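Here is the structure we will look at.
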Amino acid sequence: MAKDPSLSRVELLQGTLDFIILQTLRWGPRHGYGIAQMIRANSNDALQVETGSLYPALHRLAKKKWIAADWEVSENGQRVRVYTLTAAGRKQLVVEQSKWEQLTRAIAGVMRPPFGEDCT
Amino acid sequence: MRFPWQRRRDARDAALDEELRAHLAMVVADRIARGESAEDALVAARREFGNVTHVKEVTREAWGGAWIERLMQDLRYAARSLRRSPSFTIVAVVTLALGIGVNSAMFTVMNGIMLQPLPFPDPERVIAVGYNTQDAAYDGMSDHHYVALRDGIAPRLFEHLATYTNANVTLSGDGDPVRIFGAESTTDFFGVFGVRARLGRTFDADARVVVLSDRLWRTRFNADAAIIGRSVGIDSVKRTVIGVMPASFDVPAGADFWIPMTLVTHEGRSWNRAVVARLRRDVPLDQARSLWATAAAGFELEPRKSRSSYTADLIPLKRLIVGDARRPLLVFSGAVAFVLLIACANVANLLLMRFASRDREMAVRAALGAGRRRLIRQLLTEIFVMSAAGAVLGVGIAALGVKLLMTIAPAESMPRIANVHLDGTVLAFTAALVLATTAICGLVPALHATESGLRASLAEGARSVTAGRGRLRSALVIGEIGLALVLLVGAALMLRSFQRMQQVDLGFDGAHRLTTNVSLPADRYRTGAEIKAFHDRVMSDLTRIPGAQEVAAVNWMPFTGMMIDGPTRVDGAPDVDFTTNRLVVTPRYFAAIGQRLLGGREFTGADRESAPRVVIVSKSVADRVAPNGNAVGKRIALSPTPEPEDWRTIVGVVDDVVQNNVTDRRQATVYQPMAQVDFPFFIANIHYVVHTTNDQAAAIRAVIRHADPLLPVEPVRELSDLVQSSMLTPRFQARVLAAFAVLALALAMIGIYGVLAYGVAQRRQEIGVRVALGATARDVRGLVLRQTARLAIVGLALGVVASLAVTRVLSRFLFQITPTDPPTFVGVVLILGGVALAAAYLPARRASRVDPLVALRRD
C-alpha cells in the first residue's frame with residue numbers, strides 16, 4: 001500500500017483487494033488508473049493501491065473472467081485498457097460481500113470488551 | 001524462430017507495456033493539471049508509479065505459465081553451457097549412455113520374459129497342478145491320479161483341466177521324414193489356455209487327428225490354405241490335419257504339433273505327466289491349493305517319492321515357464337544397477353570438478369539476486385539435458401545390446417524370447433532412469449555449488465571450499481571401487497564355477513566318440529528280433545569304417561536327456577530295495593565310451609538270448625549289493641516282486657557315470673545286454689557310439705542311410721560336444737556377468753584417473769613448493785601413488801565387506817565353490833588394486849614433471 005508518512009501501512013489480504021476492485025467496478029467500467037483513483041477517493045486517501053499490487057490483481061481477475069478488459073480511446077486520444085464487471089463477477093461480488101460481513105462480525109466479536117471490564 | 005505461444009506472449013507483453021505507459025501518462029497529466037511543471041510531474045509520477053520492470057514482472061506472473069518460460073530459458077542456458085565445454089559433455093554423456101543403456105537393455109529382457117503377462121485370456125488363472133519337490137519346481141502326476149482328480153474335485157476348482165506330455169515323432173508324407181517336437185494332450189488342453197485355432201479347430205472326439213503350429217504350417221507346408229483335411233504321417237500313423245494354432249501359442253515351448261492322448265490308467269507302469277488347468281473364477285488360488293492338497297493326500301505315491309519332499313501344489317503357469325530364468329535375470333539386473341551407480345559416481349565427480357570452476361559465476365549470479373533454488377534448478381536442468389542426451393544414446397546401445405544378448409543366449413536360458421523387444425514400457429523406464437540419474441548425479445554437486453558460503457569466493461584464493469569438495473570426490477571414488485569389486489568378485493566366482501564344471505570327471509570319456517541317434521518306427525520294426533537284426537547290421541557296417549576302433553550302442557546315451565529307472569532287488573537280501581537307472585547296451589560298450597571296468601567283464605556275444613540272464617552294474621549298485629566283497633556273481637532282479645526267472649547274475653562292475661547334468665551326482669545304473677532284451681520300447685530308440693580318431697560323421701550317416709533309407713536323418717555329434725552343450729547356460733551366465741564386471745572396472749578406472757588428474761592439477765602449487773624445497777620426481781610420484789593407495793585400500797575393504805554379504809545371492813549358481821571363496825577374493829583384490837595403481841600412473845608422471853617455477857608463478 002502507498003507510503004503516507006502519517007499513516008502506518010495498511011496491509012490488505014490479496015482477496016480483499018480483489019473485492020475492493022470488483023466493488024469499484026460496480027459503478028461502471030474504468031481503466032487501471034481510474035480504479036486506483038476511485039479507491040483512494042472513496043477511502044479518503046487511506047487506501048492507496050500501488051501499481052505493483054493493482055495490475056497483478058486486475059490481470060488475475062480478468063483471467064478468472066470476473067472482469068473483462070477492452071481497449072478504448074480516451075478523451076485525449078490515448079489508448080487505454082478499460083475493465084468491466086462481468087455477470088460472473090457480479091455474482092462473485094455478492095459472495096465476497098457476505099464473506100466480508102462474516103469477517104467483520106467475527107472480528108467485532110473478538111474486539112468486544114469482556115464481561116465486567118472497562119475499555120478506555 | 002518464435003513459436004506460436006511465444007508470439008502470443010510477446011503480444012501480451014506489448015499490450016501490458018502500453019497499458020502501463022498509459023497509466024503513467026495519465027498520472028503525469030493529472031499532476032500537470034494540478035500545476036506542477038512537466039519535468040517535476042514526470043519525476044514525481046515515476047516515483048509514485050514505482051519500478052515499471054517490477055510491476056511488469058509481477059503482473060506477468062499473474063498470467064501463469066511462467067514456469068514454461070523459465071524452463072525454456074533454463075534449457076537454452078544449459079545447452080549453451082554444455083556446448084562451451086565439449087570434452088566434459090562428451091565424456092559425461094557417453095558415461096551416462098553406457099550406464100542407462102545396459103540398464104534399459106536388461107529391463108527389456110526382464111520385461112519380455114518376466115513382467116509381461118502370458119498371451120492368454122486371464123493368464124493368471126492358468127496353473128499347473130502337481131507337486132513341488134526339492135529338486136524341481138514342478139513334478140506332474142500319473143494318468144490314473146489325473147483321472148482320479150478329473151472325476152473327483154476338479155469341477156469344483158477348475159473350469160478346464162488337461163494333461164499333456166512332450167512327444168518327439170517322425171513326420172512323414174510331403175517331403176523327407178523329419179523329427180519334430182510337440183505334445184500329446186487331452187481334449188480340453190486348448191480350453192485351459194482359452195486359445196482357439198487360427199484355422200480349423202482343435203480336438204474333439206476324433207483320435208486320428210493332429211493340430212499344427214503356425215511355424216510348422218509355414219515352414220513345412222508353405223502356409224497352404226487348404227491344409228485342413230490333409231493327411232500326414234506321425235510316427236507312421238496317418239493323421240488328418242484339423243487345425244493350425246496361432247503363432248503366439250507356444251505351450252509346451254517349441255511345440256510344432258499336438259495330438260490327442262490316450263490315458264494309461266492301469267496301475268503299475270505309468271508316466272509322470274504335466275497337468276494344467278484353468279482356475280474357476282469364484283475360487284481363490286489359496287483355497288484351491290489347500291483343496292488339492294487334501295485330495296492329493298489320498299493318492300498313493302510311488303515308493304521313491306517320499307511324502308516329505310513332495311508337496312502338492314498349484315503353480316501359476318507363468319512362474320513355471322519363466323522358471324529358472326528368473327534368478328539369473330534378477331542377478332543381472334542387480335549387476336547393471338551397480339554399473340549405473342558407478343557411472344553416476346563418475347558423472348557426479350565430473351560435475352563437482354566442473355562446478356568448481358564456476359564458483360565465480362555462481363557467486364555473481366547469487367549477488368545479482370538469483371535465489372538458491374533458482375540456481376539449483378538451473379544446474380539440475382543442465383544435468384537433466386546431459387542425462388537425456390545420454391538416454392537417447394543409451395536406447396541405441398540398449399537396442400544393440402538386446403540383439404546381441406538374444407543371439408548369444410542359449411535357448412533354454414531365455415524362455416519367451418520372442419516377447420523381448422523394445423517397446424513403450426522400456427522407453428518409460430528409460431525416462432524414469434533419466435530422472436533418477438539427474439537426481440543421483442546432480443543433487444549433491446548442485447547443492448554444493450550453490451552454497452551461500454561461495455559468496456566469499458568472490459575473493460581470490462579461497463581454499464576451504466575445495467577441501468570439502470575433495471573429500472566428496474574421494475568418497476565417490478571409494479564407492480566406485482567398492483562397487484566394482486563386488487561385481488568383479490561375482491563374475492570371478494561364476495567363471496571359476498564354470499571352470500570346475502568343465503573339469504568334472506564324468507565317468508566316461510567324451511573325446512573322439514561320435515554318436516548318433518536312430519529311432520525305429522513301430523510299423524516297420526514290429527518285433528524285438530527285427531529291431532535287433534537292424535542294429536546288428538548297422539553295427540557290423542560301422543566297424544568297417546576306417547579308423548573305427550570300437551563300435552557299440554546304448555539306448556539312453558548320457559547327456560541326451562532320457563532315462564528310465566526302476567526298483568532293484570538283491571538276491572538273498574529281501575529288505576534291500578533301491579532304485580537304479582536302467583540302460584541297455586551292446587558288447588564292448590564300456591570300452592567304446594571310455595567307462596572304466598572295475599571288475600568282472602564286458603558283455604560278449606556269448607550273452608545271447610538263450611544264455612543265462614546277466615547284468616553289469618555300476619559301482620554304487622555293487623556297493624549296495626556286496627558291501628564287503630565282490631559283487632560279481634551275486635544276483636539282482638529288476639522288478640519289485642521277482643519271479644525265479646527274473647534273477648540276473650552280475651558279471652561286471654563299472655564306474656558310476658553322470659547321466660544328464662555335469663552338476664548331478666553320478667548315478668547308480670544297471671546295464672543289460674541288448675541281446676537279452678526284447679521289449680521294443682527299450683531298443684527301438686538307440687544311440688550308436690563310435691570310438692574313432694578321425695572325423696567319420698559322413699561315413700556313419702551313410703551306413704545308417706544304407707541300412708534304412710526311410711529313417712529321418714539325425715546329426716552325428718561328438719559326445720564331448722553334447723557335454724559342452726549341456727553347460728551352455730552356466731557359460732552364458734558367467735560371460736554376461738563378466739562383461740558387466742569389465743564395464744564396471746573400466747568405468748571405475750576412468751573415475752580414478754579423472755579424480756587423480758584433477759587433484760594433481762589442483763595441487764600444482766603445493767607440488768611446485770615441494771619440488772623447490774628439494775623433493776625428487778620419485779617423491780612426487782610417491783605422493784600421488786600414496787593418495788591412490790589410500791583411496792584404493794578403503795574402497796577395497798568396503799568392497800570386500802559388501803561382497804561377503806552380496807555374493808550369497810549367487811550360491812545357487814555356484815558349483816564346487818563357495819560364495820566366499822578366499823582365493824577368488826584375494827585374486828580380485830589384487831587385480832583391482834593393480835588397476836587402480838595403473839590408473840594413477842599418468843597423473844603421477846605428470847605430477848613429477850611439474851616445473852616449480854611455472855607452478856609457483858600461476859597465481
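Order of the sequence lines fixes the chain letters, A, B, ..., with proteins taken first and strands second; residue numbering starts at 1 for each chain. Predicted model only: the values in this text are computed from it and were never measured.
In terms of heavy atoms, B:Glu19 sits closest to A:Tyr83 at OE2-OH, 2.6 Å. Nearest heavy atoms, B:Ala62 versus A:Pro56: CB-O, 3.6 Å.
Distance CD/B:Glu61 to CZ/A:Arg60: 11.0 Å, rounded to 0.5 Å.
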Scan the side chains in residues 49-58 of chain B for donor-acceptor partners under 3.5 Å anywhere in the protein, sequence neighbours excluded, and list what turns up.
residue: B:Asn51; atom: OD1; partner: B:Thr53; partner atom: N; Å: 3.1
residue: B:Asn51; atom: OD1; partner: B:His54; partner atom: N; Å: 3.4
residue: B:Lys56; atom: NZ; partner: B:Asp17; partner atom: OD1; Å: 2.6

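Using a 4.5 Å cut-off between heavy atoms, B:Ala15 contacts chain A through both its backbone and its side chain. For B:Leu16, the part lying under 4.5 angstrom from a heavy atom of chain A is the side chain only.
Environment of CZ in B:Arg7: crowded, with over 12 heavy atoms of neighbouring residues, nucleotides or ligands closer than 6.0 Å.
The salt bridge (charged side-chain N to carboxylate O under 4.0 Å, His left out) search around B:Arg46 returns none, not counting sequence neighbours.
Side-chain atoms of A:Gln37 and B:Asp30, non-hydrogen and from C-beta on, do get closer than 4.5 Å to each other. Two residues are said to be in side-chain contact when any heavy atoms from C-beta on lie closer than 4.5 Å; A:Thr51 and B:His23 meet this criterion. Using a 4.5 Å cut-off on side-chain heavy atoms (C-beta onward), A:Gln78 and B:Met26 make contact.
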